[in-house]
2 protein chains.
Amino acid sequence: MKQKDHEAEYRIMEAAKIVFHKRGYFGARMQEIADEAGINKAMLHYYFRSKKNLFEAVFQEALGKVFGKIMSSFSKAGNFEDKLSSFVDSYIDLLISDPYIPAFVIHEINHNPEGIKNFLNEKTQVNPQLLIELINNEIKNNNLKDIDPFQIIMTIISSAIFPFIGKPILSHIFNIDEELFIELMNERKKIIPEIIMNGIRK
Amino acid sequence: MKQKDHEAEYRIMEAAKIVFHKRGYFGARMQEIADEAGINKAMLHYYFRSKKNLFEAVFQEALGKVFGKIMSSFSKAGNFEDKLSSFVDSYIDLLISDPYIPAFVIHEINHNPEGIKNFLNEKTQVNPQLLIELINNEIKNNNLKDIDPFQIIMTIISSAIFPFIGKPILSHIFNIDEELFIELMNERKKIIPEIIMNGIRK
DNA sequence: GTCTATATAGGGATAGAC
DNA sequence: GTCTATCCCTATATAGAC
(Lines give C-alpha, C1' and ligand atoms only; values in the text may rest on other atoms or scores of the structure.)
Protein backbone atom coordinates (compact mmCIF):
# COMPACT_ATOMS: atom_id res chain seq x y z
CA MET A 1 0.00 0.00 0.00
CA LYS A 2 2.49 2.56 1.22
CA GLN A 3 5.00 3.52 -1.43
CA LYS A 4 6.93 5.63 1.03
CA ASP A 5 10.15 4.10 -0.10
CA HIS A 6 12.61 3.76 2.77
CA GLU A 7 10.10 4.87 5.37
CA ALA A 8 9.43 1.34 6.62
CA GLU A 9 13.08 0.41 6.59
CA TYR A 10 13.92 3.50 8.60
CA ARG A 11 11.23 2.82 11.14
CA ILE A 12 12.40 -0.75 11.55
CA MET A 13 15.95 0.41 12.19
CA GLU A 14 14.81 2.93 14.80
CA ALA A 15 12.69 0.29 16.52
CA ALA A 16 15.47 -2.28 16.32
CA LYS A 17 17.90 0.14 17.93
CA ILE A 18 15.58 0.68 20.85
CA VAL A 19 14.89 -2.99 21.43
CA PHE A 20 18.42 -4.32 20.88
CA HIS A 21 19.90 -1.61 23.08
CA LYS A 22 17.38 -2.38 25.78
CA ARG A 23 17.47 -6.17 25.68
CA GLY A 24 20.66 -7.23 23.92
CA TYR A 25 20.76 -9.64 21.00
CA PHE A 26 19.42 -12.74 22.72
CA GLY A 27 16.91 -10.87 24.85
CA ALA A 28 15.42 -9.01 21.89
CA ARG A 29 12.26 -10.36 20.26
CA MET A 30 11.40 -9.76 16.63
CA GLN A 31 7.78 -9.29 17.72
CA GLU A 32 8.74 -6.47 20.06
CA ILE A 33 10.69 -4.76 17.30
CA ALA A 34 7.69 -5.06 14.99
CA ASP A 35 5.37 -3.63 17.64
CA GLU A 36 7.78 -0.79 18.33
CA ALA A 37 7.91 -0.01 14.61
CA GLY A 38 4.14 -0.30 14.31
CA ILE A 39 4.35 -2.86 11.52
CA ASN A 40 4.01 -6.55 10.97
CA LYS A 41 6.58 -9.10 12.04
CA ALA A 42 6.87 -10.49 8.53
CA MET A 43 8.08 -7.12 7.30
CA LEU A 44 11.20 -7.41 9.36
CA HIS A 45 12.19 -10.43 7.32
CA TYR A 46 11.19 -8.73 4.11
CA TYR A 47 13.55 -5.79 4.66
CA PHE A 48 16.27 -7.53 6.64
CA ARG A 49 16.60 -11.20 5.95
CA SER A 50 17.12 -12.37 9.50
CA LYS A 51 17.41 -11.23 13.09
CA LYS A 52 21.17 -11.53 12.80
CA ASN A 53 21.21 -9.20 9.78
CA LEU A 54 19.06 -6.64 11.49
CA PHE A 55 21.19 -6.81 14.58
CA GLU A 56 24.37 -6.29 12.64
CA ALA A 57 23.01 -3.16 11.01
CA VAL A 58 22.21 -1.76 14.44
CA PHE A 59 25.50 -2.90 15.93
CA GLN A 60 27.68 -1.41 13.22
CA GLU A 61 25.93 1.92 13.44
CA ALA A 62 26.61 1.94 17.19
CA LEU A 63 30.24 0.94 16.68
CA GLY A 64 30.68 3.78 14.23
CA LYS A 65 29.39 6.24 16.78
CA VAL A 66 31.57 5.14 19.70
CA PHE A 67 34.74 4.99 17.68
CA GLY A 68 34.12 7.74 15.18
CA LYS A 69 34.86 10.73 17.35
CA ILE A 70 37.73 9.44 19.40
CA MET A 71 40.58 10.46 17.17
CA SER A 72 39.22 13.60 15.54
CA SER A 73 39.36 15.75 18.69
CA PHE A 74 42.96 14.86 19.33
CA SER A 75 44.05 15.80 15.83
CA LYS A 76 42.68 19.33 16.18
CA ALA A 77 44.94 22.33 16.67
CA GLY A 78 45.98 23.54 20.11
CA ASN A 79 47.97 22.22 23.02
CA PHE A 80 47.33 18.92 24.75
CA GLU A 81 44.95 20.41 27.28
CA ASP A 82 42.80 21.93 24.52
CA LYS A 83 42.64 18.62 22.70
CA LEU A 84 41.72 16.80 25.86
CA SER A 85 38.95 19.27 26.65
CA SER A 86 37.66 19.11 23.12
CA PHE A 87 37.55 15.31 23.24
CA VAL A 88 35.78 15.05 26.58
CA ASP A 89 33.34 17.75 25.58
CA SER A 90 32.25 16.22 22.31
CA TYR A 91 32.29 12.68 23.66
CA ILE A 92 30.06 13.44 26.62
CA ASP A 93 27.70 15.26 24.28
CA LEU A 94 27.54 12.14 22.14
CA LEU A 95 26.83 9.96 25.18
CA ILE A 96 24.15 12.31 26.49
CA SER A 97 22.25 11.94 23.24
CA ASP A 98 22.93 8.18 22.90
CA PRO A 99 23.49 6.97 26.44
CA TYR A 100 22.74 3.32 25.73
CA ILE A 101 25.51 2.84 23.15
CA PRO A 102 28.56 2.06 25.30
CA ALA A 103 26.87 -0.64 27.36
CA PHE A 104 25.38 -2.14 24.21
CA VAL A 105 28.61 -2.23 22.26
CA ILE A 106 30.66 -3.52 25.16
CA HIS A 107 28.23 -6.28 26.00
CA GLU A 108 28.02 -7.55 22.45
CA ILE A 109 31.77 -7.39 21.97
CA ASN A 110 32.35 -9.25 25.21
CA HIS A 111 30.11 -11.98 23.88
CA ASN A 112 31.65 -12.11 20.45
CA PRO A 113 35.20 -10.80 20.70
CA GLU A 114 36.20 -12.08 17.27
CA GLY A 115 33.42 -10.12 15.58
CA ILE A 116 35.02 -6.79 16.35
CA LYS A 117 38.31 -7.42 14.63
CA ASN A 118 36.97 -7.30 11.09
CA PHE A 119 35.01 -4.16 11.69
CA LEU A 120 37.63 -2.19 13.57
CA ASN A 121 40.30 -2.88 11.04
CA GLU A 122 38.14 -1.98 8.09
CA LYS A 123 35.86 0.89 8.85
CA THR A 124 37.04 2.64 11.94
CA GLN A 125 40.47 4.13 12.00
CA VAL A 126 41.39 3.76 15.61
CA ASN A 127 45.10 4.28 15.77
CA PRO A 128 46.27 4.93 19.31
CA GLN A 129 49.86 5.31 18.15
CA LEU A 130 49.37 8.96 17.19
CA LEU A 131 47.85 9.71 20.56
CA ILE A 132 50.62 7.87 22.38
CA GLU A 133 53.24 9.84 20.47
CA LEU A 134 51.45 13.10 21.25
CA ILE A 135 51.62 12.31 24.96
CA ASN A 136 55.21 11.10 24.77
CA ASN A 137 56.13 14.40 23.14
CA GLU A 138 54.54 16.37 25.95
CA ILE A 139 56.52 14.26 28.42
CA LYS A 140 59.75 14.85 26.51
CA ASN A 141 59.08 18.60 26.48
CA ASN A 142 58.63 18.50 30.25
CA ASN A 143 54.97 19.50 30.05
CA LEU A 144 53.71 16.26 31.52
CA LYS A 145 54.98 13.85 34.15
CA ASP A 146 56.59 10.65 32.99
CA ILE A 147 53.51 8.42 33.13
CA ASP A 148 52.78 5.56 30.71
CA PRO A 149 50.58 7.12 27.96
CA PHE A 150 48.35 4.05 28.06
CA GLN A 151 47.49 4.80 31.67
CA ILE A 152 46.70 8.41 30.87
CA ILE A 153 44.48 7.51 27.93
CA MET A 154 42.79 4.82 29.99
CA THR A 155 41.99 7.28 32.76
CA ILE A 156 40.54 9.81 30.33
CA ILE A 157 38.35 7.33 28.49
CA SER A 158 37.22 5.62 31.69
CA SER A 159 36.23 8.89 33.34
CA ALA A 160 34.13 9.95 30.38
CA ILE A 161 32.42 6.69 29.48
CA PHE A 162 31.92 4.72 32.69
CA PRO A 163 29.26 6.92 34.29
CA PHE A 164 26.99 6.20 31.33
CA ILE A 165 27.56 2.48 31.59
CA GLY A 166 26.99 2.36 35.32
CA LYS A 167 24.14 4.86 35.21
CA PRO A 168 21.34 2.61 36.52
CA ILE A 169 23.40 1.56 39.55
CA LEU A 170 24.87 4.98 40.18
CA SER A 171 21.52 6.73 39.85
CA HIS A 172 20.11 4.39 42.43
CA ILE A 173 22.97 4.63 44.92
CA PHE A 174 23.37 8.39 44.67
CA ASN A 175 19.66 9.00 44.25
CA ILE A 176 20.01 10.85 40.95
CA ASP A 177 17.14 11.47 38.57
CA GLU A 178 17.35 11.86 34.81
CA GLU A 179 17.65 15.63 34.82
CA LEU A 180 20.32 15.75 37.50
CA PHE A 181 22.31 13.03 35.75
CA ILE A 182 22.55 15.09 32.58
CA GLU A 183 23.53 18.14 34.60
CA LEU A 184 26.29 16.17 36.33
CA MET A 185 27.56 14.80 33.03
CA ASN A 186 27.69 18.31 31.60
CA GLU A 187 29.71 19.40 34.62
CA ARG A 188 32.10 16.53 33.96
CA LYS A 189 33.13 18.19 30.70
CA LYS A 190 34.99 20.77 32.76
CA ILE A 191 35.92 18.60 35.72
CA ILE A 192 37.57 15.67 33.95
CA PRO A 193 40.16 17.79 32.08
CA GLU A 194 40.72 19.80 35.25
CA ILE A 195 41.42 16.78 37.47
CA ILE A 196 43.45 14.90 34.91
CA MET A 197 45.55 17.84 33.71
CA ASN A 198 46.39 18.77 37.29
CA GLY A 199 47.13 15.12 37.90
CA ILE A 200 49.62 14.69 35.09
CA ARG A 201 51.07 18.19 34.53
CA LYS A 202 54.66 18.62 35.54
CA MET B 1 25.24 -42.92 42.85
CA LYS B 2 27.54 -40.25 44.15
CA GLN B 3 26.76 -39.30 47.72
CA LYS B 4 29.26 -36.47 47.61
CA ASP B 5 26.74 -34.15 49.14
CA HIS B 6 27.14 -30.62 47.80
CA GLU B 7 29.69 -31.59 45.20
CA ALA B 8 27.24 -31.55 42.31
CA GLU B 9 25.62 -28.34 43.47
CA TYR B 10 29.02 -26.70 43.70
CA ARG B 11 30.02 -27.82 40.24
CA ILE B 12 26.78 -26.53 38.80
CA MET B 13 27.33 -23.13 40.36
CA GLU B 14 30.87 -22.94 39.01
CA ALA B 15 29.69 -23.94 35.55
CA ALA B 16 26.75 -21.55 35.70
CA LYS B 17 29.05 -18.68 36.62
CA ILE B 18 31.24 -19.35 33.62
CA VAL B 19 28.36 -19.61 31.16
CA PHE B 20 26.21 -16.75 32.48
CA HIS B 21 29.22 -14.46 32.66
CA LYS B 22 30.20 -15.37 29.13
CA ARG B 23 26.78 -15.27 27.51
CA GLY B 24 24.44 -13.28 29.73
CA TYR B 25 21.07 -14.56 30.92
CA PHE B 26 19.32 -14.87 27.58
CA GLY B 27 22.39 -16.08 25.73
CA ALA B 28 23.13 -18.84 28.24
CA ARG B 29 21.91 -22.37 27.52
CA MET B 30 21.10 -24.86 30.24
CA GLN B 31 22.71 -27.51 28.06
CA GLU B 32 25.98 -25.61 27.96
CA ILE B 33 25.96 -25.23 31.74
CA ALA B 34 25.36 -28.96 32.10
CA ASP B 35 28.21 -29.77 29.70
CA GLU B 36 30.49 -27.36 31.52
CA ALA B 37 29.63 -29.05 34.82
CA GLY B 38 30.05 -32.48 33.31
CA ILE B 39 26.57 -33.60 34.36
CA ASN B 40 23.13 -34.07 32.93
CA LYS B 41 20.77 -31.26 32.04
CA ALA B 42 18.04 -32.67 34.26
CA MET B 43 20.28 -32.25 37.29
CA LEU B 44 20.22 -28.52 36.89
CA HIS B 45 16.50 -28.59 37.49
CA TYR B 46 16.88 -31.02 40.35
CA TYR B 47 19.23 -28.73 42.29
CA PHE B 48 17.94 -25.37 41.13
CA ARG B 49 14.33 -25.36 40.10
CA SER B 50 14.66 -23.18 37.02
CA LYS B 51 17.09 -21.25 34.88
CA LYS B 52 15.93 -18.06 36.58
CA ASN B 53 16.72 -19.50 40.02
CA LEU B 54 20.16 -20.61 38.97
CA PHE B 55 20.84 -17.26 37.39
CA GLU B 56 19.83 -15.40 40.51
CA ALA B 57 22.19 -17.42 42.64
CA VAL B 58 25.03 -16.49 40.28
CA PHE B 59 23.94 -12.89 39.99
CA GLN B 60 23.68 -12.27 43.72
CA GLU B 61 27.11 -13.74 44.33
CA ALA B 62 28.51 -11.36 41.72
CA LEU B 63 26.64 -8.40 43.18
CA GLY B 64 28.04 -9.20 46.60
CA LYS B 65 31.55 -9.14 45.21
CA VAL B 66 31.32 -5.82 43.35
CA PHE B 67 29.66 -3.98 46.19
CA GLY B 68 31.16 -5.74 49.15
CA LYS B 69 34.55 -4.08 49.19
CA ILE B 70 33.65 -0.56 48.20
CA MET B 71 32.99 0.88 51.61
CA SER B 72 35.40 -1.10 53.76
CA SER B 73 38.57 0.51 52.37
CA PHE B 74 37.27 3.98 52.96
CA SER B 75 36.39 3.31 56.57
CA LYS B 76 39.95 2.24 57.40
CA ALA B 77 42.28 4.45 59.37
CA GLY B 78 44.58 6.96 57.72
CA ASN B 79 44.21 10.09 55.64
CA PHE B 80 42.15 10.34 52.47
CA GLU B 81 45.06 9.43 50.22
CA ASP B 82 45.71 6.24 52.19
CA LYS B 83 42.07 5.26 51.98
CA LEU B 84 41.96 5.94 48.27
CA SER B 85 45.09 3.85 47.66
CA SER B 86 43.74 1.06 49.79
CA PHE B 87 40.46 1.04 47.87
CA VAL B 88 42.01 1.06 44.40
CA ASP B 89 44.51 -1.58 45.44
CA SER B 90 42.02 -4.07 46.80
CA TYR B 91 39.46 -3.38 44.10
CA ILE B 92 41.85 -3.96 41.24
CA ASP B 93 42.99 -7.15 42.92
CA LEU B 94 39.38 -8.27 43.05
CA LEU B 95 38.88 -7.47 39.38
CA ILE B 96 42.06 -9.22 38.33
CA SER B 97 40.81 -12.43 39.90
CA ASP B 98 37.20 -11.98 38.67
CA PRO B 99 37.49 -9.80 35.59
CA TYR B 100 34.11 -10.74 34.11
CA ILE B 101 32.03 -9.54 37.04
CA PRO B 102 31.58 -5.82 36.30
CA ALA B 103 30.41 -6.32 32.73
CA PHE B 104 28.10 -9.10 33.85
CA VAL B 105 26.50 -7.16 36.68
CA ILE B 106 26.15 -3.98 34.68
CA HIS B 107 24.57 -5.71 31.72
CA GLU B 108 22.02 -7.55 33.79
CA ILE B 109 21.15 -4.46 35.80
CA ASN B 110 20.74 -2.42 32.64
CA HIS B 111 18.26 -5.01 31.46
CA ASN B 112 16.39 -5.26 34.71
CA PRO B 113 16.89 -2.01 36.62
CA GLU B 114 14.10 -2.76 39.10
CA GLY B 115 15.73 -6.01 40.16
CA ILE B 116 18.64 -4.27 41.80
CA LYS B 117 16.68 -2.17 44.24
CA ASN B 118 15.60 -5.02 46.47
CA PHE B 119 19.03 -6.49 46.65
CA LEU B 120 21.00 -3.31 47.23
CA ASN B 121 18.74 -2.13 49.99
CA GLU B 122 18.77 -5.43 51.80
CA LYS B 123 22.11 -7.10 51.60
CA THR B 124 24.71 -4.62 50.54
CA GLN B 125 25.26 -1.57 52.62
CA VAL B 126 26.27 0.94 50.02
CA ASN B 127 25.99 4.29 51.67
CA PRO B 128 27.77 6.96 49.69
CA GLN B 129 26.86 9.58 52.27
CA LEU B 130 29.78 8.68 54.53
CA LEU B 131 32.17 8.91 51.62
CA ILE B 132 30.72 12.22 50.50
CA GLU B 133 31.10 13.62 54.01
CA LEU B 134 34.67 12.39 54.18
CA ILE B 135 35.50 14.29 51.01
CA ASN B 136 33.58 17.38 52.09
CA ASN B 137 35.60 17.39 55.28
CA GLU B 138 38.85 17.29 53.36
CA ILE B 139 37.61 20.22 51.29
CA LYS B 140 36.63 22.17 54.38
CA ASN B 141 40.07 21.53 55.88
CA ASN B 142 41.66 22.90 52.73
CA ASN B 143 43.24 19.57 51.84
CA LEU B 144 41.26 19.18 48.63
CA LYS B 145 39.97 21.56 46.00
CA ASP B 146 36.31 22.46 46.05
CA ILE B 147 35.07 19.83 43.62
CA ASP B 148 31.70 18.07 43.84
CA PRO B 149 32.40 14.83 45.78
CA PHE B 150 30.21 12.92 43.34
CA GLN B 151 32.58 13.87 40.53
CA ILE B 152 35.60 12.76 42.51
CA ILE B 153 34.04 9.44 43.47
CA MET B 154 32.90 8.92 39.88
CA THR B 155 36.41 9.50 38.55
CA ILE B 156 37.93 7.05 41.03
CA ILE B 157 35.44 4.29 40.37
CA SER B 158 35.52 4.80 36.61
CA SER B 159 39.31 4.67 36.45
CA ALA B 160 39.45 1.43 38.37
CA ILE B 161 36.57 -0.49 36.82
CA PHE B 162 36.27 0.60 33.20
CA PRO B 163 39.46 -1.00 31.87
CA PHE B 164 38.08 -4.40 32.89
CA ILE B 165 34.77 -3.74 31.18
CA GLY B 166 36.35 -2.50 27.98
CA LYS B 167 39.12 -5.09 28.04
CA PRO B 168 38.29 -6.93 24.79
CA ILE B 169 38.17 -3.68 22.82
CA LEU B 170 41.15 -2.11 24.54
CA SER B 171 43.28 -5.23 24.22
CA HIS B 172 42.60 -5.25 20.52
CA ILE B 173 43.23 -1.56 19.90
CA PHE B 174 46.36 -1.34 22.03
CA ASN B 175 47.54 -4.81 21.10
CA ILE B 176 47.70 -6.06 24.67
CA ASP B 177 47.88 -9.72 25.61
CA GLU B 178 46.61 -11.31 28.82
CA GLU B 179 49.88 -11.07 30.70
CA LEU B 180 50.52 -7.45 29.78
CA PHE B 181 46.97 -6.51 30.70
CA ILE B 182 47.40 -7.79 34.24
CA GLU B 183 50.74 -6.01 34.50
CA LEU B 184 49.13 -2.74 33.39
CA MET B 185 46.28 -3.15 35.85
CA ASN B 186 48.73 -3.75 38.66
CA GLU B 187 50.53 -0.55 37.66
CA ARG B 188 47.21 1.25 37.83
CA LYS B 189 47.07 0.63 41.57
CA LYS B 190 49.83 3.23 41.97
CA ILE B 191 48.93 5.46 39.03
CA ILE B 192 45.25 6.09 39.72
CA PRO B 193 45.78 7.47 43.25
CA GLU B 194 48.77 9.45 41.98
CA ILE B 195 46.88 11.14 39.12
CA ILE B 196 43.71 11.74 41.08
CA MET B 197 45.35 13.01 44.27
CA ASN B 198 47.49 15.44 42.28
CA GLY B 199 44.37 16.40 40.41
CA ILE B 200 42.27 17.28 43.43
CA ARG B 201 44.81 18.25 46.10
CA LYS B 202 44.81 21.89 47.03
C1' DG C 1 4.72 -4.02 -0.10
C1' DT C 2 1.70 -5.70 3.51
C1' DC C 3 -0.77 -9.00 5.91
C1' DT C 4 -2.40 -13.95 8.06
C1' DA C 5 -1.36 -18.41 8.80
C1' DT C 6 1.86 -21.86 9.50
C1' DA C 7 6.13 -24.57 9.34
C1' DT C 8 10.23 -25.71 12.01
C1' DA C 9 13.60 -25.71 15.47
C1' DG C 10 15.41 -24.87 19.80
C1' DG C 11 15.49 -24.91 24.58
C1' DG C 12 13.41 -25.01 29.34
C1' DA C 13 11.15 -28.14 32.00
C1' DT C 14 9.18 -32.68 33.57
C1' DA C 15 8.11 -37.88 33.84
C1' DG C 16 9.63 -41.89 35.10
C1' DA C 17 13.02 -45.77 35.17
C1' DC C 18 16.96 -47.12 37.78
C1' DG D 1 20.67 -38.70 43.10
C1' DT D 2 21.28 -39.63 38.28
C1' DC D 3 20.00 -40.65 33.73
C1' DT D 4 16.94 -40.98 29.07
C1' DA D 5 13.19 -39.70 26.69
C1' DT D 6 9.86 -36.47 25.85
C1' DC D 7 6.61 -32.67 26.43
C1' DC D 8 5.44 -28.14 25.07
C1' DC D 9 5.95 -23.45 24.45
C1' DT D 10 8.15 -19.78 22.21
C1' DA D 11 10.40 -17.42 18.59
C1' DT D 12 12.44 -17.23 14.04
C1' DA D 13 11.39 -17.76 9.58
C1' DT D 14 8.59 -18.71 5.37
C1' DA D 15 4.41 -19.49 2.26
C1' DG D 16 1.08 -17.51 -0.02
C1' DA D 17 -3.11 -14.51 -0.47
C1' DC D 18 -4.10 -9.80 -1.46
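Chain A is the first sequence line, chain B the second, and so forth, proteins listed ahead of strands; every chain is numbered from 1. Just the heavy atoms: all of them, side chains too, but no hydrogens, waters or symmetry mates, feed the values below.
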Would you classify A:A34 as touching base, sugar-phosphate or nothing, given that sugar-phosphate means primed atoms plus P, OP1 and OP2, and contacts are heavy atoms under 4.0 Å? nothing

Once you apply a heavy-atom cut-off of 4.0 Å, does A:M30 come out as touching a base, just sugar-phosphate, or nothing? sugar-phosphate

Could you give the [atom1]-to-[atom2] distance, from [X] to [N], as a whole number of Å?
X     : N      : atom1 : atom2 : result
B:Y25 : C:dG11 : OH    : P     : 14 Å
B:M43 : C:dG12 : CE    : P     : 17 Å
A:E9  : C:dT2  : CD    : P     : 11 Å
B:F20 : C:dG11 : CZ    : P     : 14 Å
B:R11 : D:dG1  : CZ    : C1'   : 13 Å
A:L44 : C:dG1  : CG    : P     : 15 Å
B:R49 : C:dA15 : CZ    : P     : 13 Å
A:D35 : C:dC3  : CG    : P     : 12 Å

Checking B:K189 against B:N186: is there a side-chain donor and acceptor pair closer than 3.5 Å? yes

From [options], pick the nucleotide closest to the side chain of [X]?
X     : options               : value
A:H45 : D:dT12, C:dT2, C:dA13 : D:dT12
A:S50 : D:dG1, D:dC3, D:dA13  : D:dA13
B:I39 : C:dA13, C:dT4, D:dC3  : D:dC3
A:K41 : D:dT12, C:dA15, C:dT4 : D:dT12
A:Y47 : C:dG12, D:dG1, C:dG1  : C:dG1

Scan the side chains in residues 50-59 of chain B for donor-acceptor partners under 3.5 Å anywhere in the protein, sequence neighbours excluded, and list what turns up.
{"residue": "B:S50", "atom": "OG", "partner": "B:N53", "partner atom": "N", "Å": "3.2"}
{"residue": "B:K51", "atom": "NZ", "partner": "B:Y25", "partner atom": "O", "Å": "3.0"}
{"residue": "B:K51", "atom": "NZ", "partner": "B:A28", "partner atom": "O", "Å": "2.9"}

Does C:dG12 have OP1 or OP2 sitting under 4.0 Å from an N or O in the side chain of B:R29? yes

Check side chain to side chain donor-acceptor pair (under 3.5 Å) between A:N40 and all other residues, then give those that pass, not counting sequence neighbours. none

Within a 6.0 Å radius of atom CG on B:D177, are there more than 12 heavy atoms belonging to other residues, nucleotides or ligands? yes

Between A:V105 and A:L63, is any pair of side-chain heavy atoms under 4.5 Å apart? yes

Mapping A:Y46 and A:A42 onto DNA chain C by nearest heavy atom, which one lands closer to the 5' end? A:Y46

